[in-house]
Amino acid sequence: MKNKTLINLSLFATLLLSYGVAKAQINFLPSDSILVIKNSDTLSLAWAGGINSGQISTIDLDLDGQEDIVIFDRSDKRVIPLLNIGGPNEIKYKYAPEYIQQFPASIGWMLLRDFDLDDKKDVFYSNSGGAISVQKNNSITNLTFSDYLINMKSDQHPGGDIGIYIPTSDIPSISDIDNDGDLDILTFGVLGYALEYHRNMSEETYGNNDTLDYVLKNNCWGHFLEIGTNTNSLKLYDTCNYNVPNAEGGGNFGGGNRHAGSTVTAFDNNGDSVADLMLGDVSFNNIVMALNGGTQPGQNSSLTYQDTTFPSYDTSVDLAIFPGTFLEDIDNDGIKDLLVTTNATNLAENTESVWFYKNTGTNSIPNFNFKKKALFQDQMIELGNESIPAIFDHNGDGLMDLIVSNYGYFNRDSVTYDCKLSLYLNIGTVSKPVFEFVTDDYQNIFSLNLGTWLYPTFGDLDGDGDMDMVLGNSEGYLHYFTNSGGAGNPAVFTLTSSRIKDDLAATIDVGQFSAPQLFDYDNDNDLDLIIGKVNGWIRYYENTGTTTAYTFKKITDSLGRVELHEAWDIFGATTGYNAPNFFRNGSTVELYCGTHSGGIYKFTGINPSNPRQTFIIDTVIRNGEIGRRSTPAVYDFKNDGKLDMIIGNTKGGLNFYTQQNGFLTVKKIEPKIDFKLYPNPANESIFVELDPTESQNNTIRIYSITGNLIQVEQAEIGITTISVNNYAKGVYFLTVSTDKGQKTKRFVVQ
């Protein structure tokens, strides 16, 4: 019966979404029209929703020839697309939520890599059961992907073709280990302490890179083990290969302690074209860099040196727990920088979890210089874990300000969460709001030790003309604060009751995660109490007192028969984390509910005289757009008759939505420049074919895999022939520059 409820709810949401597309009804769509200021700077990514455990890849989202960024956040399994609008040596990005829907759903990790050398990043991601799935990039006029592999397999002795298993907690390295132009895989095996090397045989078997054809070549690549319990240093020079046919080495495991939770990045740290490693571990705060002692790729060489405080020559990585590493060009200088993030989803850094190291060296001999701890996050509204917005006129100037609470900021010293309220003051106008950050400890609430997940709601409960405050919390109770500031003055809150009681003098307790709202539901000019519950239901208390002295009488535990049961906890209980927000839109009452899975459900057909009626689901903002644990606050900020919605989520940031016609779509564009490059791989010559409409002033530049300029040619209109007969075998990059811009493609000489 439980499963039936979940399936029906999901199906109904899908049908509603389809109906909305057909009828082109008014929807809530993301917007960045409201400015947010902090420390005198305008936040460029204010409404991007925050970052907790981000995994960073580059991809050309808008097909303009410039690499953009996609951050897959493991904490809520959602992508954050950022358009690159910066110039050379500049870090400048714009939040682009329209691209979210283009990406597949991953349950653990996501990396964007170009496996078929068409200069379009494909999507490698984690699927159920530890499987690797791949979607191919088919973009021509807009970003599109299609399923390529659901369960990537590898020829593994003795079982034959078996799915490559990667724990959803891990991040593998998907890179060219043997320098033959195709993408191999390094990942810790089932036991979790030695690296499996799955070699891509596409080039060797088919003479191209259009397929993914894997063979397990080594069960202990690099000849090392992760064996420590109190340290993540490596045991080097271990003869630990299983008996794999035609393996690159031989021997038996030397023993180790089984564990799960590792991140792997293969890269060249010393310019010898042999893969070195950066390793992160679930129990530790550091990155281990292990140097490969080999002189040529693909020779089964051993790791010979390790730096356990990498980069020891600069600021060492120290990210509390489970760091992951990513090499991407962030500042548009053509050189890949180092990004270090936490891969943990709990008890980990959540406000400064994207460390940026600028690469002042080269791609083959990098030199990583630490720059900041909160890349991108310092341009967002960022409150750590599980943000909760509320609308409230703090200073009595008639403009609605923004109060944002949270589950908490991670406190590394106590290994707990510190829950605080932030104030963003509206310094704009009635029709053009501007929010300015004032404090991250509003009214010094943190000092009262009221718990985590303090959920605010405001209303005049004592009839003195100013707004009082009620806070729910993770324990399910309610705390009441009276405002002594007076009408038209800044609020001054004092804790009056640490646990609000009902008309029977019983403590109001909804179990866990109380999400209260003060709202005159029955329209009798006093404020009633509505509380969202963790099980997905809504409890309703009628205020049977007066406008100056409340008395809350419980009416129902299932107001409107709203039952947003969307998940099950480890004990089998239903969870929905219902976050209700009633809004009186003229004479009509509407209800917007946030949920565990992130969808926003709108309910209409509300008759306050019948609290036991069943509300009507009208619209759904789908789950994948916002992120988990959505908490909506609804208001017409621009005074234009269109409702706006500020939404919190599990990543601790905020998204801003406004009512608009139409639907979230990716715009189709015509590429500014394109060309054909063939054959690929090549032996003696390559051919570069330009569109005849290009101008005469076109240049071709060829670079080595290490970024060195090798050859410059004037591009002919039509076909330009370039000899590569004297090129060493390997991967090269060819850039065509025209008056319209430039584009780079990769090719292989074999």
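A 4.5 Å side-chain heavy-atom check between Asp122 and Leu112 finds every atom pair outside the cut-off. Tyr657 is listed as a side-chain neighbour of Glu625, based on a closest heavy-atom distance under 4.5 Å. Under the 4.5 Å side-chain criterion, counting only non-hydrogen atoms from C-beta, Leu183 is in contact with Tyr214. In this structure, Asp176 and Asp184 have side chains that are in contact, with non-hydrogen atoms separated by less than 4.5 Å. Looking at Lys651 and Ile80, their side chains come closer than 4.5 Å, going by heavy atoms from C-beta outward. Counting heavy atoms from C-beta on, the side chains of Val749 and Phe747 come closer than 4.5 Å. Using a 4.5 Å heavy-atom threshold, the side chains of Tyr703 and Thr744 count as separate. Considering only heavy atoms from C-beta on, Phe28 comes within 4.5 Å of Leu643 through its side chain.
The distance from atom CG of Asn52 to atom CG of Asn343, rounded to the nearest 0.5 Å, is 12.0 Å. Note that CD1 of Ile702 and CZ of Phe733 are 12.5 Å apart. Values are rounded to the nearest 0.5 Å. Expressed to the nearest 0.5 Å, how far OG of Ser53 lies from NZ of Lys77 amounts to 8.5 Å. Residue Asp378 holds its CG atom at 8.5 Å from CG of Leu43, rounded to the nearest 0.5 Å. Between atom CG of residue Asn137 and atom OG1 of residue Thr144 there is a gap of 6.5 Å, rounded to the nearest 0.5 Å. Note that CD of Glu196 and CZ of Phe188 are 10.5 Å apart. Values are rounded to the nearest 0.5 Å.
Each of Ile91, Ile56, Ile51 was checked for a side-chain contact (heavy atoms from CB on, under 4.5 Å) with Leu375, and the lone residue meeting it is Ile91.
Using modelled atom types, one side-chain atom of Ser630 and one backbone atom of Thr595 make a donor-acceptor pair closer than 3.5 Å. Side-chain N or O atoms of Asp76 include none that pairs as donor or acceptor with a backbone N or O of Thr650 at under 3.5 Å. A donor-acceptor pair is defined here as one N or O able to donate and one able to accept, closer than 3.5 Å; no such pair exists between the side chain of Asp178 and the backbone of Pro297. A donor-acceptor pair under 3.5 Å is absent between the side-chain atoms of Gln750 and the main chain of Asp180, judged by distance alone. Checked by atom type and distance alone, the side chain of Thr738 never pairs as donor or acceptor with a backbone atom of Asn698 at under 3.5 Å. Between the side chain of Asn27 and the backbone N or O of Leu29 there is no donor-acceptor pair closer than 3.5 Å. Side-chain atoms of Thr211 never come within 3.5 Å of backbone atoms of Asp213 as a donor-acceptor pair (strictly under, hydrogens ignored). Here the side chain of Ser126 pairs no donor or acceptor atom with the backbone of Thr168 at under 3.5 angstrom. Under a 3.5 Å cut-off, the side chain of Asp333 and the backbone N or O of Asn89 do not form any donor-acceptor pair. With hydrogens and angles ignored, the 3.5 Å screen pairs a side-chain donor or acceptor of Ser133 with a backbone N or O of Ile150.
Side-chain polar atoms of Ser202 and Asn200 form no donor-acceptor pair below 3.5 angstrom. Between the side chains of Tyr727 and Gln711, at least one donor-acceptor pair of N or O atoms lies under 3.5 Å. Under the 3.5 Å distance criterion, with hydrogens and angles disregarded, a donor-acceptor pair is assigned to the side chains of Asn84 and Asn332. In this model, no donor atom of one side chain and acceptor atom of the other lie less than 3.5 Å apart for Lys92 and Ser44. No donor-acceptor contact under 3.5 angstrom links the side chains of Ser723 and Asn725, judged on distance only. Side-chain contact, Asp644 with Thr658: a donor N or O sits under 3.5 Å from an acceptor N or O. Of the N and O atoms on the side chains of Tyr678 and Glu689, at least one donor lies less than 3.5 Å from an acceptor on the other residue.
In this structure, Gly648 and Leu654 approach most closely via the heavy-atom pair CA-CD2, 3.8 Å. For the pair Tyr93 and Leu82, the tightest heavy-atom approach, listed with the atom from each and the gap, is CD2-O, 3.8 Å. Heavy-atom minimum distance, Val748 versus Val731: CG2-CG2, 4.2 Å. A pairwise comparison of heavy atoms in Arg113 and Ile174 identifies NE-O, 3.1 Å as the closest pair. Here the closest heavy-atom approach between residue Lys120 and residue Ile140 is recorded as NZ-CG1, 4.5 Å. Ala105 and Tyr125 get closest at one heavy-atom pair: O-CE1, 3.5 Å.
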Apply salt bridge (charged side-chain N to carboxylate O under 4.0 Å, His left out) to the pair Asp119 and Lys743, showing each step before the final yes or no. CA-CA 9 Å; Asp119 296 300; Lys743 185 165 185 173; over 6 Å; no
What do the steps show when you test Asp118 against Lys136 for salt bridge (charged side-chain N to carboxylate O under 4.0 Å, His left out), and what is the final call? CA-CA 10 Å; Asp118 64 352; Lys136 179 175 168 54; 3.5 Å; yes
Worked check of side-chain contact (heavy atoms from CB on, under 4.5 Å) between Asn127 and Ile107: CA-CA 6 Å; Asn127 214 325; Ile107 63 173; 5.5 Å; no
side-chain hydrogen bond (donor to acceptor under 3.5 Å, both in side chains) evaluation trace for Asn179 with Ser273: CA-CA 8 Å; Asn179 204 25; Ser273 299; 4.6 Å; no
Any chance you could lay out the side-chain contact (heavy atoms from CB on, under 4.5 Å) test for Ile132 and Trp109, step after step, and finish with the verdict? CA-CA 10 Å; Ile132 304 176; Trp109 57 267; 4.0 Å; yes
Would you check, one step at a time, whether the test side-chain contact (heavy atoms from CB on, under 4.5 Å) holds for Met278 with Leu338? CA-CA 11 Å; Met278 286 186 285; Leu338 172 63; 3.8 Å; yes
side-chain contact (heavy atoms from CB on, under 4.5 Å) between Ser57 and Ile59, worked out: CA-CA 7 Å; Ser57 299; Ile59 184 174; over 6 Å; no
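Ring orientation note: the planes of Phe115 and Phe124 are nearly perpendicular, at an angle over 60° on the 30°/60° scale. Aromatic ring pairs are classed by plane angle as parallel below 30°, tilted from 30° to 60° and perpendicular above 60°; the pair Phe267 and Phe368 is tilted.
Counted within 6.0 Å of CD on Glu684, heavy atoms from surrounding residues, nucleotides or ligands total 12 or fewer; the atom is thus considered open. Counting non-hydrogen atoms of other residues, nucleotides and ligands closer than 6.0 Å to NZ of Lys336 gives a total of 12 or fewer.
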